[in-house]
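Report on the structure given below.
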Amino acid sequence: MLMGEFKQEILRINNKVNMEVFKQGVLTQRVDVMHNRAVIVARNRRVSLLSLPYEMDKASTEVMDRTLINIFKQRFIQLMQEELGVTVIAHLKDYDPALEISASVTFFDRQVDELLPELKAPERQPGKLNHDGQAQNSQP
């Protein structure tokens, strides 16, 4: 797999997990890969259900934010391992609700340059991509 393909797969999985956990995709995202890690910075809309309680009870809302982030991290690691076959040793993530920016760092068991030759791009059906980056058939 080429580095560009690897980065696209990381971003696809990141958006897919956002859709699963937060029921919305990211607005923008960028990934930088170096050594044995990938750094993702994304712009995400605040989960609307958490916006109102945040003004009334910040402590409880922050607990919900942490819970959702922990669920996200577990699912992200799972999909990275299942779909790309990479071993993730840690995935750290944080979110700033005021700026609506998330940042995460994924640590792999080896240098990314060593991983790439072993990875195969997941097979996609021909056609355009749907909202979570998955290929969909263009025929009705």
Side-chain angles (χ1 to χ4, degrees):
M1 179 181 290
L2 299 173
M3 180 64 78
E5 294 171 314
F6 183 63
K7 288 180 174 183
Q8 286 300 311
E9 288 300 313
I10 292 171
L11 294 176
R12 182 188 61 76
I13 291 170
N14 187 61
N15 195 52
K16 181 177 182 176
V17 176
N18 263 277
M19 293 295 295
E20 289 179 15
V21 175
F22 302 112
K23 307 301 182 216
Q24 59 190 12
V26 297
L27 298 173
T28 62
Q29 59 181 347
R30 177 187 168 93
V31 63
D32 292 303
V33 176
M34 65 210 92
H35 309 293
N36 69 327
R37 57 194 167 270
V39 178
I40 303 169
V41 177
R43 190 138 176 105
N44 312 54
R45 280 199 186 91
R46 179 83 167 131
V47 175
S48 58
L49 188 59
L50 295 177
S51 296
L52 183 59
Y54 186 74
E55 298 302 319
M56 306 294 279
D57 182 3
K58 290 182 182 176
S60 295
T61 306
E62 288 172 359
V63 169
M64 286 302 303
D65 278 335
R66 295 295 340 144
T67 301
L68 290 170
I69 286 173
N70 285 332
I71 292 167
F72 179 98
K73 289 165 38 172
Q74 291 171 356
R75 182 66 174 144
F76 183 87
I77 290 170
Q78 177 186 12
L79 287 182
M80 288 290 290
Q81 292 175 336
E82 288 175 2
E83 296 187 14
L84 294 182
V86 297
T87 300
V88 175
I89 56 175
H91 182 73
L92 311 175
K93 182 175 175 74
D94 199 11
Y95 177 71
D96 184 315
L99 296 175
E100 296 185 327
I101 295 175
S102 66
S104 62
V105 182
T106 306
F107 294 89
F108 304 104
D109 67 332
R110 294 183 282 155
Q111 300 285 320
V112 173
D113 290 343
E114 296 173 19
L115 295 171
L116 292 179
E118 301 170 10
L119 303 178
K120 284 180 153 180
E123 292 184 28
R124 306 264 186 257
Q125 293 179 355
K128 56 185 188 176
L129 298 178
N130 64 17
H131 67 280
D132 67 350
Q134 299 282 350
Q136 64 184 22
N137 195 339
S138 59
Q139 297 177 350

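Below, each value reflects all heavy atoms present in this structure, side chains not excepted, and no hydrogens, waters or symmetry copies. Count residues from 1 along the sequence.
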Quiz item: If we ignore angles and hydrogens, is there a donor and acceptor under 3.5 Å between the side chains of Gln29 and Asn14?
Solution: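 Checked: Gln29/Asn14 side chains pair up, N/O donor to acceptor below 3.5 Å.
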Roughly how far, to the nearest 0.5 Å, is the [atom2] atom of [Y] from the [atom1] atom of [X]?
X	Y	atom1	atom2	result
Gln111	Arg37	CD	CZ	8.0 Å
Leu2	Gln8	CG	CD	12.0 Å
Thr106	His91	OG1	NE2	4.5 Å
Arg30	Ile40	CZ	CD1	12.0 Å
Lys93	Arg66	NZ	CZ	10.0 Å

Quiz item: Quick one: does Glu9's side chain get under 4.5 Å of Leu119's, heavy atoms only?
Solution: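 They are not in contact (no side-chain heavy atoms under 4.5 Å apart), so the answer is no.
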Quiz item: Do Leu84 and Leu115 come within less than 4.5 Å of each other through their side chains, counting heavy atoms only?
Solution: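 Contact flag for Leu84/Leu115 side chains = no.
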According to a hydrophobic-cluster definition based on side-chain heavy atoms being under 4.5 Å apart (Ile, Leu, Val, Met, Phe, Trp, Tyr only), do [X] and [Y] belong together?
X	Y	answer
Ile89	Met34	yes
Leu11	Phe22	yes
Met80	Met3	yes
Val88	Ile10	yes
Leu92	Val39	yes

Side chain [X], main chain [Y], donor-acceptor under 3.5 Å:
X	Y	result
Gln24	Arg45	yes
Arg43	Leu99	yes
Asn15	Val26	yes

Donor-acceptor pairs are to be reported for all side-chain atoms of residues 71-78 against protein atoms at under 3.5 Å, with residues two or more places apart or in another chain.
residue, atom, partner, partner atom, Å
Arg75, NE, Glu20, OE1, 2.6
Arg75, NH1, Gln78, OE1, 3.0
Arg75, NH2, Glu20, OE2, 3.2
Gln78, NE2, Glu82, OE2, 3.0

Quiz prompt | From Asp96, Asn18, Thr28, residue fulfilling side chain to side chain donor-acceptor pair (under 3.5 Å) relative to Asn44 | solution =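 Single pass found, and it is Asn18.
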Quiz item: Can you tell me if CZ on Arg110 sees more than 12 non-hydrogen neighbours from other groups inside 6.0 Å?
Solution: yes
Practice problem: Start with the C-alpha gap between Leu68 and Tyr95, add the side-chain angles, then the distance that decides, and say whether side-chain contact (heavy atoms from CB on, under 4.5 Å) holds. | Solution: CA-CA 11 Å; Leu68 290 170; Tyr95 177 71; over 6 Å; no
